[in-house]
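Below is one structure, written out as structure tokens; comments come after it.
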Protein chains: 2
Amino acid sequence: MAGFTIGKLSEATDTKVQTIRYYESIGLMAPFTRTEGGHRLYDIDDRKRLTFIRHARELGFSIDAIRELLSLSDNPQTSCERADDIASRQLDEVEQRLKRLRALQKELKRMVTECGHGRVSDCRVIEVLSDHRLCQTSH
Amino acid sequence: MAGFTIGKLSEATDTKVQTIRYYESIGLMAPFTRTEGGHRLYDIDDRKRLTFIRHARELGFSIDAIRELLSLSDNPQTSCERADDIASRQLDEVEQRLKRLRALQKELKRMVTECGHGRVSDCRVIEVLSDHRLCQTSH
DNA sequence: GTACAATCTCTAGCCACTAGAGATACAAGA
DNA sequence: TCTTGTATCTCTAGTGGCTAGAGATTGTAC
């Protein structure tokens, strides 16, 4: 019945104490209760909620998307169409980012391998960065 | 000899006017000169410099890295070892990001395809987000 | 000369935290 | 019970890289 202190919750979910308090300040999650002295006490449901939040953040969801997902998961009898929609849009975004990053990787690789370890005046790194047309991929 | 106004430079480099002034405020680039009335005037070298900056930002370099790259390109007789090093570290980071993003993509794809378009209580999106163990990739 | 667009400086806001100051509460050992 | 030391409290400000807006001034085309 004692529940978790913020420190224990922090450890259990690998989330900084400050971040937990930040989530509280923006209304994402509040502690189950407080001690007489004012220390936060969390229960297992709080822990689940925070795990949900952290996991969604790791998957790249914005706080706003998470807020919506949380309200969906709080009302499990509603249609999941909305949740599916949010995840789909997230997937789209991730795929866009992947595309861009692959182009960057290619360019950086080329820059590094072509650098002859000589003087900056011959250095492809500087050269490519000075002139977009030298890129072989669009980004 | 008239040079570019900030608006022309903005158009030419696809950079917002505010962003150009921001770069000036952090010491990345200053205008060639000013009009009597105080309007900024840029020359072709300023344009090159801004193109360099924007290109590097697109490639994911931090402002600090760019600051260093700029000082290297301002002194082309120095060794490019340092520039190569910066680019290599950037490549490492990009590859880390790629790895993570690919895992996320996989997870999101699975979440979306497995969503049966029914009720939230059966929804994989919510389920996966509630329980990390349901993920098939580490991220 | 006048209208209107462009630019000026300055301040504040965005996201998602993160860090620190200074005060208070709690847990373990003497 | 008292003390010591760690954990927590609130509050404010900073991070990076911009972006937006207010209100004043300048530049330009007719």
Side-chain angles (χ1 to χ4, degrees), chain A residues 1-42 46 49-50 52-70 90 93 97 100 104, chain B residues 1-42 46 49-50 52-70 86 89-90 93 97 100 104:
Chain A
M1 88 138 281
F4 305 91
T5 62
I6 198 166
K8 296 292 168 200
L9 185 64
S10 163
E11 266 178 57
T13 59
D14 197 24
T15 307
K16 298 212 166 138
V17 166
Q18 303 285 51
T19 304
I20 298 172
R21 290 200 276 250
Y22 167 71
Y23 288 157
E24 183 176 337
S25 79
I26 59 168
L28 261 198
M29 61 172 302
F32 170 67
T33 184
R34 296 249 185 166
T35 65
E36 271 186 38
H39 286 201
R40 290 166 177 84
L41 281 183
Y42 298 91
D46 294 322
R49 195 177 179 88
L50 183 53
F52 182 108
I53 295 168
R54 294 306 286 176
H55 196 174
R57 286 292 300 136
E58 277 176 33
L59 285 167
F61 290 92
S62 73
I63 295 285
D64 271 358
I66 291 170
R67 211 185 288 278
E68 198 168 359
L69 286 169
L70 277 169
Q90 195 61 21
E93 262 175 52
R97 270 193 269 165
R100 258 184 65 85
L104 307 193
Chain B
M1 87 139 283
F4 306 90
T5 62
I6 198 166
K8 296 292 168 199
L9 186 64
S10 162
E11 265 177 58
T13 59
D14 197 26
T15 307
K16 298 213 166 141
V17 165
Q18 303 284 52
T19 304
I20 298 172
R21 290 201 276 249
Y22 167 70
Y23 287 157
E24 184 176 338
S25 79
I26 59 168
L28 261 198
M29 62 172 303
F32 171 67
T33 186
R34 297 245 185 170
T35 64
E36 272 187 38
H39 285 201
R40 290 167 177 84
L41 280 183
Y42 299 91
D46 294 322
R49 197 178 178 86
L50 183 53
F52 182 107
I53 295 168
R54 294 305 288 175
H55 196 173
R57 285 293 302 138
E58 277 175 32
L59 284 167
F61 289 92
S62 73
I63 295 286
D64 271 358
I66 291 170
R67 211 185 288 278
E68 200 169 357
L69 287 169
L70 277 169
I86 296 171
R89 268 190 288 107
Q90 195 61 23
E93 261 175 53
R97 270 193 269 165
R100 259 184 64 85
L104 307 192

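First the proteins, then the strands, lettered A, B, ... as listed; each starts at 1.
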Side-chain touch B:Tyr42/B:Leu50, heavy atoms, less than 4.5 angstrom: no

Just to verify, what does B:Thr33 make a side chain to side chain contact (heavy atoms under 4.5 Å, CB included) with, not counting sequence neighbours? B:Leu41

Can you sort out the partners of B:Gln18 under side-chain hydrogen bond (donor to acceptor under 3.5 Å, both in side chains), two or more places apart, ordered by chain and number? B:Arg21

Examine D:dG16: is either OP1 or OP2 under 4.0 Å from a nitrogen or oxygen in the side chain of B:Ser62? Give yes or no. no

Donor-acceptor under 3.5 Å (B:Thr15 side chain, B:Ser10 main chain): no

Length of the CZ-P vector between B:Arg34 and D:dT25, whole Å: 16 Å

Starting at CG of A:Leu41 and ending at C1' of D:dT8, how long is that distance when rounded to a whole Å? 11 Å

All side-chain hydrogen bond (donor to acceptor under 3.5 Å, both in side chains) counterparts of B:Arg49, not counting sequence neighbours: B:Asp74

Using heavy-atom distances to pick each residue's nearest nucleotide on DNA chain D, tell me which of B:Gly38 and A:Gly37 is more 5'. A:Gly37

Just to be sure I understand the rule, does A:Arg54 reach a base, reach only the sugar-phosphate, or reach nothing, if contact means heavy atoms closer than 4.0 Å? sugar-phosphate

Provide the closest heavy-atom pair for A:Phe61 versus A:Ala65 in the form atom of the first, atom of the second, distance. CD2-CB, 4.2 Å

According to side-chain hydrogen bond (donor to acceptor under 3.5 Å, both in side chains), who are the partners of B:Arg67, at least two apart in sequence or on a separate chain? none

Nearest heavy-atom approach of B:Met29 to B:Asp46 is CE-O, 3.5 Å

Between B:Glu68 and B:Arg89, does any side-chain N to carboxylate O distance fall below 4.0 Å? no

Taking atom C1' of D:dC18 as reference, at what distance in whole Å does atom CZ of B:Phe61 sit? 20 Å

Quick check: on DNA chain C, is the nucleotide nearest A:Glu36 upstream (toward 5') of the one nearest A:Lys16, or the reverse? Name the residue that is more 5'. A:Lys16

First and last nucleotide of DNA chain C touching chain B, 5' to 3', heavy-atom cut-off 4.0 Å? C:dT7 to C:dT9

Which sits closer to the 5' end of DNA chain D, B:Thr5 or B:Ile63, going by the nucleotide each is nearest to? B:Ile63

Has A:Arg40 got a side-chain N or O lying under 4.0 Å from the OP1 or OP2 atom of D:dT8? no

Identify, residue by residue, the members of residues 18-26 of chain A with a heavy atom below 4.0 Å from DNA chain C, and return them in order of residue number, or none. A:Gln18, A:Thr19, A:Tyr22, A:Tyr23

